[in-house]
Structure formats: structure tokens, C-alpha cells
S.K.: 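Got a structure for you, questions after.
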Amino acid sequence: KNPAATAVDSIAVLMMAAAGWTLRGVVLPAPRLTSDPSGARLRFASLLRGQVGRTIVVMSAVNFLIALVALALLPLVLDLWGGTVEAYGVATGVLGFGALAGPLLRKLGRTDRSRVRLGMAGLGCLLAAVAPSPALAWAVVPLALAGAMAVHVEAAATALGHDDGQPAR
């Protein structure tokens with residue numbers, strides 16, 4: 001076996017052990033057991049029909065869209081932009097690194113619902129700006145902003161589950 005692969009395996013095991021040791025004192029509340037399994041199914045179904053279900057749909061759509069972008073970048077970088085596999089790594093890295101700026105977009109929208117709408121519209125516009133880019137260098141800013149916008153939408157969708165209808169502070 002490759003020595004580098006062995007080292008990676010060892011590091012992964014050590015990290016798992018460190019995580020287990022770090023979380024050793026964390027106690028999670030046990031779910032209440034019910035003797036009526038159909039009642040639990042009904043509660044779960046009603047939960048998914050409400051705001052939680054809509055939040056899951058929005059977050060799933062955003063993650064699916066970002067996954068499609070990562071796939072669509074491959075032919076863009078390799079064929080249209082004449083890049084290499086390394087350039088593809090840069091493009092996807094910029095998309096991921098841009099996600100760190102997501103919290104800076106908090107002021108985009110007054111309520112969580114408007115944040116989701118504006119964020120999805122902005123994400124669409126940014127991704128539309130990537131396709132006609134003549135080179136990777138021209139796509140870096142829209143890709144980074146798209147990563148940030150995706151996090152913005154996910155954060156707003158998560159907050160919708162706790163939305164009290166008041167404007168954000």
C-alpha cells in the first residue's frame with residue numbers, strides 16, 4: 001500500500017478519535033417513545049408539510065444547483081476556457097471559498113422570506129454571468145459571489161423554520 005495513503009488513513013482515524021474524545025460529555029436528549037407508531041408518522045408528516053418541509057426543499061434545491069454548477073464547470077474549464085484539471089480545481093475552490101462571505105449578505109432582504117427570494121434570483125443571475133465568461137479569470141468573481149449567495153439562501157431558509165414574521169435585526 002502507498003505510504004501516503006497509509007498516512008491519510010492514520011490521520012483520519014486519529015481525527016475520529018479526537019472528535020469522539022471531544023464530544024464525550026455531550027448528552028443528547030432521548031426522543032420520547034410512543035406506543036402509537038402511526039401518531040409519530042402523522043407528526044412527522046405534518047412537520048414536513050409545514051415550514052420545515054419548505055426549508056428542506058429550498059436547501060435541497062440550492063445544494064442541487066451548486067452540485068450542477070460544479071459539474072457544468074468541468075466542460076467550461078476544460079473545453080471552452082482551454083484550461084486544465086488544475087484550473088477546474090481553482091474554479092470549484094473559488095465557488096467553495098466564496099461561501100465564507102455568505103454572512104456578509106445578511107442585509108440583502110428585510111425578512112427571511114425575502115432573503116430566500118432575492119438570494120435565489122441573485123444566484124441565478126450570477127450563474128448566468130459565468131457561462132459567457134471568455135476565461136476563468138472573468139468567472140472568478142461571479143463564482144465567488146455565487147458561493148456566498150448559496151450560503152445566504154441556506155441561512156435564510158434555515159431561519160424560516162424559526163421565523164416570527166418580524167423584520168431581521
S.K.: In this structure, would Leu104 and Val153 fall into the same cluster of hydrophobic residues linked by side-chain contacts under 4.5 Å?
M.R.: no

S.K.: Output yes when a side-chain donor or acceptor of His152 lies under 3.5 Å from a complementary backbone atom of Gly102, and no otherwise.
M.R.: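 Such a contact is absent between His152 side chain and Gly102 backbone.
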
S.K.: Under the 3.5 angstrom rule, does the side chain of Thr55 hit a backbone N or O of Ala157 as a donor-acceptor pair?
M.R.: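 Side chain of Thr55 to backbone of Ala157, a donor-acceptor pair under 3.5 Å: yes, one is there.
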
S.K.: Is it the case that one hydrophobic cluster holds both Leu80 and Val77, taking links as side-chain heavy atoms less than 4.5 Å apart, direct or via other members?
M.R.: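 Hydrophobic grouping puts Leu80 with Val77.
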
S.K.: Quick one: hydrophobic cluster around Phe97, which other residues, with the 4.5 Å side-chain cut-off, linked directly or via members?
M.R.: Leu100

S.K.: So how far is it from Leu95 CG to Leu73 CG, rounded to the nearest 0.5 Å?
M.R.: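 Atom-to-atom, Leu95:CG and Leu73:CG are 7.0 Å apart.
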
S.K.: Below 4.5 Å, heavy atoms only, C-beta onward: do Pro134 and Trp81 meet side chain to side chain?
M.R.: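 Result no, sub-4.5 Å side-chain heavy-atom pair not found.
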
S.K.: Under 4.5 Å between side-chain heavy atoms, hopping through other hydrophobics if needed: is there a path connecting Val151 to Leu127?
M.R.: no

S.K.: Quick check on the hydrophobic clustering: are Leu76 and Leu74 connected, directly or via other members, by side-chain heavy-atom contacts under 4.5 Å?
M.R.: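 Yes, one cluster joins them.
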
S.K.: To the nearest 0.5 Å, how far apart are CD1 in Ile66 and CG in Leu71?
M.R.: 11.5 Å

S.K.: CG/Leu136 to CD/Glu86 distance, rounded to the nearest 0.5 angstrom?
M.R.: 12.0 Å

S.K.: Applying a strict under-4.5 Å side-chain criterion to I, L, V, M, F, W and Y, I'd like to know whether Leu65 and Leu126 cluster together.
M.R.: yes

S.K.: Has Arg106 got a side-chain atom pairing as donor or acceptor with Pro103's backbone, closer than 3.5 angstrom?
M.R.: no

S.K.: Once you round to the nearest 0.5 Å, how far does SG of Cys125 lie from CG of Leu145?
M.R.: 12.0 Å

S.K.: Can you check whether Ala70's main-chain N or O pairs, donor with acceptor, with Tyr88's side chain at less than 3.5 Å?
M.R.: yes

S.K.: Rounded to the nearest 0.5 Å, how far apart are CZ of Arg113 and CG of Leu118?
M.R.: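 These two atoms lie 13.5 Å from each other.
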
S.K.: Any idea which heavy atoms bring Val116 and Ala156 closest together, and the distance?
M.R.: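 Closest approach of Val116 to Ala156, heavy atoms only: CG2-CB, 3.7 Å.
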
S.K.: Could you list the cluster mates of Val57? Members are the ILVMFWY residues connected by side-chain heavy atoms closer than 4.5 Å, either directly or through other members.
M.R.: none

S.K.: Walk me through it: do Arg115 and Asp112 pass the test side-chain contact (heavy atoms from CB on, under 4.5 Å)?
M.R.: CA-CA 5 Å; Arg115 281 188 190 87; Asp112 293 321; 3.0 Å; yes

